[in-house]
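We're numbering straight along the sequence, starting at 1.
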Amino acid sequence: MSATLTPDAPAPASGRRSAAPAVVGPVFTRGALTDLGVVVALSIIAVLGFETAYGDENFLLVGLGGVAAGALGAAAAAALRLAALPAVLLGVLVYFLLGTPITMPELAILGVLPSASSLAGLAIGAVFGWNDVLTLAAPVQAPYYIAALPYFAAWAVVLIAGLLVLRWLPRRRSVLRAAVVVLMPTLLYVAGILLGTDEPYYAAIRGITFAVICLVWMGWRRARAEGVLDSPHPAYRRRRLGGAAAVVAGGVVIGIIAGAVLAPAPAERFVLREEIEPPFDPVEYPSPLAGFRQYTGTLAEEELFRVQGLQPGQRLRLAAMDSYDGQLWNVAGRAVAEEGSGTFQLVGTDLPEPPLAETGSASTLTISIGAYDDVWMPELGYTSELDLLDEGTAARADDLRYNPTTGSAILSSGLEDGARYRVTGAEQSIPEDAALAEVPTAQVALPPVDDVPDVLTSRAVELAGQETSAIAQLRTIEQRLSSEGFYSNGLPTDAAPSRAGHGADRMVELFTRTPLIGDEEQFAAAFALMARHLGYPARVVMGFAPEVPEGADEVAVLGSDVTAWVEVPFEGVGWIPFFPTPDETDIPQDQVPLPQSEPQPQVRQPPRLETDEEDLLTAVELEESDPDDEEQGFVIPGWLIGIGGALLALLLLYSIPLGIAAALRARRRAARRRAEPDRAIAGAWQELTDRFAEHGVPVPGGGTRRTEGEAAAAALAARGAEESAAGGVATLAREVDGDVFGGRPIEPERVDDRWSRVDDGVAALAATLTPWQRQLARFRVTRRRARG
């Protein structure tokens, strides 16, 4: 089998198809290597389109690795002259063998060998990576297998296109076949656009270069097909090639000018991530504000978490809610608001920037979870980086999601005692009210609010007064609520009762009883509804405001530190906070609303159940099962799984190519034995020479069978084989010649005898080899061209 670099040979004339496909000429001609180089160049340009989804150039190494793996698989399959199915299987083997060090080196054994985790990641990334990359926030950094997607895409395209240019394209010099090959990198180019973002990555340069290479290559292929390159007249060749180059250059220039005039680039590109809704829906979780009284009641003195790096006056952000249905303020799913509080995307360490915020200097906090038990992650302002520090939480990094619009993060599997993470974020800069006097509120699409009581809307107009600017109206309502109201959590120690909740009935009660009594839950909910009635987009934010002593490095956050406020966006400035909750707790005694008496009829009453006065709201909690309370069965140790996975990977690396080689040899032998008797005997001798070559002792070709037999016998004698074995091979060559050219009928028994003696000769050769040489021979497959 030859793999030398030679000029292209003309395609063979069509004729009768033989039983076994004949191998004509070498594989790696100059033309074939040129075609393969074009495929590689186009694929590299196409894979650059994934940059907008991955955010940096590190992914390019993965994409180039996929291009290299595909080209290597195609070249190896062509060199071994494999059929379609074995060629694809060999390409899959190369994919898994090289994929680990290229895409997941941290999971590799000794930095190179595949592990069970890396093999699973390569398979999952190829199947599910397309869905994940469309639902992740750019830049894509998680889950761990996401880097396998550009590697797989580049590998698949180059493997298929490489097999076409090395095995299919040389059979006929056709421009149509070249167009089919170009289609593969074009699909990769389009995939980079659809899977990316609406920000192009050097779109003009990449597009023009891609088109020029395609046009020039297809023109060169056509010139070869028409024999222009084979013309003995240099002037004719220069004239034809120069004309083709001028046509390509003119077409590119005219296309650029006409495209810019007739079809200018749209303001926004069509990308699939804008059309597909992420699978995560926070609406399925309870509203954070619904459990507000749980923090001020049962968890008031509980240490929820500890924070390092928090400065005096800073607040921790938990969740933002912009949807109201008459019962609860809650996050709005993406089906309700495209960019609302419920639009969360899976992210990595680096988080996307907020679309509307003017932030100050960044701060870094380290948060250690204690009694806090929820999916919402406390953080500072708008977070730019989030690192999961403890091993248990880091193992669930795929559950981390973030909403840059509201600055809220969620760990969908829930935070647990002992979880630690580090956040770097910055708070919204708050300008003076005078600077906002002429600034309108931003046009933000928020979901509508429903079932707002009439008493609240009328009070909104009343409290706003004669003010005209947005900031003045909102500040007036804020000041009136905080000055006229009184603070109460409804605890037995409070001066007046205060019912939990913020539904429509509670809002009616807040404004129909004198004075206004409630806590952050009621006042923030009421202020947000008033702002929305006046036409200002507002959302309720829940978080924590612990007291931080001067110079304290760490502070414990208790349940009593919970708070809520309202944010309204201003054009070009960001979301400005408002704090309508009053500080005053000493309610005048003559204004304390007395509960109405409930006279009892003169009948025996059933015993009344005693209830906890502080149990004003049943908290909605995530159902969890304690692993310690469940019966634990046998668990396979992790180290045993790792060793087993490594052994399985090595077994696959050994058995898959061994099985492919054995299947190819069995197919080759069966095809030769199925032929007519004379051809079957000739095939027996071909089998012997092929098997000798596979055992590292090639028999020189180009002569007669008798000379080949003498060479094979000499090789056996030189290796110390028995004299009878060497003489038997030489005799077999002469007898095969007599059978093929004798013209006598050949009985099936004679065919079986010749094949049996071939096996004896191969066995005699194998006996002279070392075990390593015999093992290596099992992986080789050779096939000579059939002859008479």
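Expressed to the nearest 0.5 Å, how far OG1 of Thr563 lies from CD of Glu521 amounts to 12.0 Å. The line from CG of Asp505 to CD of Glu509 is 7.5 Å long, rounded to the nearest 0.5 Å. Separation of atoms CD (Gln479) and CD (Glu484) is listed at 11.0 Å; rounding is to 0.5 Å. Taking OH of Tyr421 as the reference point, atom CG of Leu365 lies at 9.0 Å (rounded to 0.5 Å). Atoms CD1 and OG, from Ile576 and Ser429 in turn, are 8.5 Å apart once rounded to the nearest 0.5 Å. Asp350 contributes atom CG, which lies 5.5 Å from atom CD of Glu385 (distance to the nearest 0.5 angstrom).
In this structure, Glu467 does not pair ionically with Arg480, as no charged nitrogen and carboxylate oxygen lie closer than 4.0 Å. Note on Asp390 versus Arg420: no salt bridge recorded, every NZ/NE/NH1/NH2 to OD/OE distance being 4.0 Å or above.
Two residues are said to be in side-chain contact when any heavy atoms from C-beta on lie closer than 4.5 Å; Glu358 and Gln428 meet this criterion. Counting heavy atoms from C-beta outward, Ile367 and Tyr372 have side chains that stay 4.5 Å or more apart. For the pair Val555/Glu547, no side-chain contact is recorded, criterion being any heavy-atom separation below 4.5 Å from C-beta on. Between Val562 and Gln294 there is no side-chain heavy-atom pair separated by less than 4.5 Å. The shortest distance between side-chain heavy atoms of Ile471 and Phe578 falls below 4.5 Å. Contact check for Asp519 versus Arg293: side-chain heavy atoms found under the 4.5 Å cut-off. With a 4.5 Å cut-off on side-chain heavy atoms, Ile477 and Pro580 do not count as touching. Using a 4.5 Å heavy-atom cutoff, the side chains of Asp561 and Tyr295 are not in contact.
Here the shortest heavy-atom pairing between Gly407 and Arg317 reads O-CD, 3.6 Å. Taking each heavy atom of Trp575 and Val444 in turn, the nearest pair found is CZ2-CG1, 4.1 Å. In terms of heavy-atom proximity, Thr359 sits nearest to Ala426 at CB-CB, 3.7 Å. Contact detail for Thr405 and Arg539: the closest heavy-atom pair is O-NH1, 3.2 Å. In terms of heavy-atom proximity, Ala504 sits nearest to Tyr324 at N-OH, 3.2 Å. For the pair Ser408 and Ala319, the tightest heavy-atom approach, listed with the atom from each and the gap, is OG-CA, 3.7 Å.
Remark: side-chain polar atoms of Thr581 are not paired, donor with acceptor, to backbone N or O of Phe523 under 3.5 angstrom. With Ser498 contributing its side chain and Gly490 its backbone, the two residues share no donor-acceptor pair below 3.5 Å. Side-chain atoms of Tyr285 come within 3.5 Å of backbone N or O of Ser412 as a donor-acceptor pair. With hydrogens and angles ignored, the 3.5 Å screen pairs a side-chain donor or acceptor of Arg506 with a backbone N or O of Arg499. Looking only at distances, no side-chain donor or acceptor of Glu554 sits under 3.5 Å from a matching main-chain atom of Gly309. Counting only distance, with no hydrogens or angles, the side chain of Asn489 and the backbone of Leu491 share no donor-acceptor pair below 3.5 Å. Here the side chain of His502 pairs a donor or acceptor atom with the backbone of Trp329 at under 3.5 angstrom. Here the side chain of Glu427 pairs no donor or acceptor atom with the backbone of Gly381 at under 3.5 angstrom. The backbone N or O of Asp553 sits nowhere less than 3.5 Å from a side-chain atom of Gln308 that would complete a donor-acceptor pair. Side-chain atoms of Tyr402 come within 3.5 Å of backbone atoms of Thr383 as a donor-acceptor pair (strictly under, hydrogens ignored).
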- Message: I'd like to know whether Val452 forms a side-chain contact (heavy atoms from CB on, under 4.5 Å) with His533, so could you lay out the CA-CA distance, the side-chain angles of the two residues, the decisive distance to 0.1 Å, and finally the verdict.
- Response: CA-CA 9 Å; Val452 181; His533 175 70; 5.7 Å; no
- Query: Could you go step by step and tell me if Leu400 and Leu411 meet the side-chain contact (heavy atoms from CB on, under 4.5 Å) rule?
  - Reply: CA-CA 5 Å; Leu400 177 63; Leu411 190 69; 4.3 Å; yes
- Message: Please determine whether side-chain contact (heavy atoms from CB on, under 4.5 Å) holds for the pair Arg532 and Leu529, giving the CA-CA distance in whole Å, both sets of side-chain angles, and the decisive distance to 0.1 Å.
- Response: CA-CA 5 Å; Arg532 295 291 291 273; Leu529 291 176; 5.6 Å; no
- Task: Test side-chain contact (heavy atoms from CB on, under 4.5 Å) on Gln314 and Val548 and set out the steps.
- Result: CA-CA 9 Å; Gln314 289 184 328; Val548 183; over 6 Å; no
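Judged as a side chain to side chain donor-acceptor pair (under 3.5 Å), and not counting sequence neighbours, the contacts of Thr424 are Thr364.
Among the candidates Phe305, Trp565, Phe292, the single residue satisfying the ring pair (Phe, Tyr, Trp, His ring centres under 6.0 Å) test with Phe544 is Phe305.
The aromatic rings of Phe344 and Trp376 sit perpendicular, their planes meeting at an angle over 60°, well past the 30° parallel limit.
Between the side chains of Glu520 and Tyr487, at least one donor N or O sits under 3.5 Å from an acceptor N or O.
Among residues at least two apart or in separate chains, salt bridge (Lys or Arg N to Asp or Glu O under 4.0 Å) pairs with a member in residues 429-441 are Asp433-Arg475.
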